[in-house]
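Have a look at the structure below, then the notes.
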Amino acid sequence: MVDQEDKTPENKVTPASRQYPDPKRKLRQEVAKTGHSWDGIEEYDNPMPRWWLWTFYITIAWAVIYWLFYPAWPLVTRATQGILGYDSRAAVVSDIERFNTENQVWFDRLLATDVDAISDDPELQRFAVNAGGSVFRAQCSQCHGTGGAGVQASGFPNLLDDDWLWGGTMDDIHETVRYGIRNEDYPDARWSQMPAFGSDGLLDEGEIDQVVHYVLQMSNQGHDAELATAGEEVFLNNCASCHGESGEGDYFVGAPALNNQVWLYGGSFEAIRHSVYYSRFGVMPGFADRLRDAEIRAVAAYVHQLGGGE
Amino acid sequence: MSSQDDSPQLYAAREPIFPRRVKGNFRTLKWWLMGVLLGIYYITPWIRWDRGPAMPDQAVLVDIANRRFFFFMIEIWPHEFYFVAGLLIMAGIGLFLFTSAFGRVWCGYACPQTVWTDLFILVERWIEGDRNARVRLHRQTWNGEKVRKYGTKWLVWLLIAVGTGGAWIFYFADAPTLLRDLFTLNAHPAAYITVGILTATTFFFGGFFREQICIYACPWPRIQAAMVDEDTLTVGYRDWRGEPRGKLKKGQLDPAQGDCIDCMACVNVCPMGIDIRDGQQMECITCGLCIDACDEVMDRIGKPRGLIDYLALSDEVRERQGAPAIPVWKHVFRPRTMVYTVLWAGIGIGLIVALFLRTDIDMSISPVRNPTYVVLSDGTIRNAYDIRLRNMSNEPRPFFLSVADAPSIRLTIEGEAGQLVTVPADEQASFRVYLTAPPGIEASRSASTPVRLWASVPGETARIYGETVFNGREQ
Ligand code: SF4
Ligand code: SF4
């Protein structure tokens, strides 16, 4: 910036000596300064504009009006209620009600559609998957995981793969969700029990080792060939009735396939041996009384499209 | 504090300003600009542009519900928002350029606050008369005349304000439909609220707040100061020529006095209510009206024009020392403005190139991480991806999805038999896509392998790829 003071020739009038036409009009130079100075920059003490003052008063008035209309002052048990009676809890409740009424049309449509025909209607399928997803996250994710992957080797089935215990069609999944697994609350629940071959003394230790090696061989894992050959007979006599002659499993009794790479309780020698010796008893609650029928259909549709549906 | 008068005044009322009517080059320019700018604002939403069936036929439309921005032949999707960002940056740099070259031209000529205030003052003058009549009316006590004139003025202002607020919303919905809905009371409440708010702001800012917006509220003057230097054109008073000022004596200029005859014309026309003869001031929006007013006076007393003029600060120094001012073009073309021009043009060219290179399909891939992979019963490893495909043309099109350079990895789509999906016209659709790798290969045994997915439209050249990773079971 140009410093005017230095360059002004002496014979020129300086602003301070000028005659101002309007005597009421104050020269800038006459306004008092605050006395603050930063790097030589000083501050005029100009009055605030009047509208600013009004705005300030209006905000105060606004606050008072607000107290009157909305919950404001905290009292012992709750705050003052305000004339409008606004209540954020009530607002949430009414929101939920509104969504429920809006969704009712869709839930009715879900109920009116055959379980395995839901996916034929893309709109309905989209609704079912979204609604089912939220049911899943609230009700199922504790065991099956938020992504549906279960907990590996710990007995919580992965719902994403193509291996099912009780069947992976829409009808199968629907039925499982309704009544659960080995669930005494529902006579219709799927039920089966594997004998504890070791702890109940049905097989001796040697036979158990043989059959475990046979199962390892069946699933293409490292095994002792000699023990496995000996285990074939043990398998055919004790296990094949449920797990199938080649270990393909049976949905009807919830017997897992043993000739593949998916293991609910782990596929190592130790894990399989534990299963044979003590048996396993995985349970799942039924949801027939906890969820509405339409919600059960929705969650079945959701699980079916996770990647493993049959 | 000795007396009442000495005590500091904490709050000051606004001093009303009654700008006088003026004629001249800058005033003419301002009238033209006002016409053009208001015309653009009011007419733009009504321009039609045919984009085929099922597409809006409004040339300029910000379609918030469908998340599209239409500008004549250009359609911007949300993921292309960088075009809008680029335009905003260009607008910013353009302002920098104009400010460093010509000072506050934005404020003086183009700012909506200035344009609407100008329009409101015009209305005021039509109804109440010129400056003196308005001052008289302002001072006089309320009577029939004052009520009638003020009432009419406020009513006309209000109509303009409603029109202004009303025009704004037409940029966001089909204008003819919305206009009908507005009158039949079928429009969305947001439309009425927006019109209401903009009506109120236009009415108060243009009618009553005027220069106070520039002085107290607007951030732009604060930023502007950083772009102004001694070469920037501002409006200045040649006090070395005008002083000592004095009235004409018997219609004659005293040879001992300067050219300023203290007629107050420059002060009376100023919409900011300042006296430019005090030197450059914060309030001055460089609208040039005082130049017009003064030139008229100089013509009348037979003195050269330009006692008040567009001047750079460096000119002032030169002229005081008797040297001629630097020509305007030399002030304007200087490194600073050239840098701004190059930046501005660079971004502009970049945007145009990007506009022509963009394809009308797009794909975004987000790998599903919960879980990272799934082992299937035959031991193959499967990864899932949520893929979003965008079809930016106005007919439905099939998309063929494939994996590049990995023949053993199989691609399948949830709920579809093949690798082909259809995306409706001008929409985006999401699909769950699976990649399955046999157990033996490297990809299924390493933690993460980069893969490239292609989406192409069969029978067309449109093709696009996206990079993602395949997660295997580490061994
Ligand atoms: S100061 Fe702000 S409101 Fe006033 S004319 Fe300039 S940009 Fe517009
Ligand atoms: S001093 Fe002159 S240029 Fe500045 S705002 Fe007033 S009339 Fe416009």
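Reminder, nothing fancy here: chain letters follow the sequence lines and each chain counts from 1. Computed from a predicted model, the values in this text were never measured in an experiment.
- In this structure, A:Q261 CD and B:L376 CG are separated by 10.5 Å, a value rounded to the nearest 0.5 Å.
- Between B:Y11 and A:L53, the closest heavy-atom pair is CZ-CD1, 3.3 Å.
- Heavy atoms of other residues, nucleotides or ligands lying less than 6.0 angstrom from CZ of B:R318 number more than 12.
- For A:F56, the CZ atom sits in a loose shell: 12 or fewer heavy atoms of surrounding residues, nucleotides or ligands are nearer than 6.0 Å.
- More than 12 non-hydrogen atoms from other residues, nucleotides or ligands lie less than 6.0 angstrom from CD of A:E102.
- Nearest approach of A:L160 to B:P371, heavy atoms of both residues: CD1-CD, 3.1 Å.
- For CZ of B:R388, the number of neighbouring non-hydrogen atoms (other residues, nucleotides, ligands) closer than 6.0 Å is 12 at most.
- Counting heavy-atom pairs closer than 4.5 Å to chain B, the top residue among A:G309, A:S219, A:G308, A:G147 is A:G147.
- Counted within 6.0 Å of CZ on B:R410, heavy atoms from surrounding residues, nucleotides or ligands total 12 or fewer; the atom is thus considered open.
- If you measure heavy-atom distances from A:W51 to chain B, the contacts under 4.5 Å come from the side chain alone.
- Among all heavy-atom pairs drawn from A:D163 and B:S377, the shortest one is CB-CB, 4.4 Å.
- With a 4.5 Å cut-off on non-hydrogen atoms, A:N158 touches chain B through its side chain but not through its backbone.
- More than 12 non-hydrogen atoms from other residues, nucleotides or ligands lie less than 6.0 angstrom from CH2 of A:W38.
- Heavy-atom minimum distance, A:D161 versus B:V375: CB-O, 3.5 Å.
- Nearest heavy-atom pair, B:R382 versus A:G307, reported as atom, atom and distance to 0.1 Å: NH1-O, 2.8 Å.
- Between the side chain of B:R432 and the main chain of A:Q305, no donor-acceptor pair closer than 3.5 Å is present.
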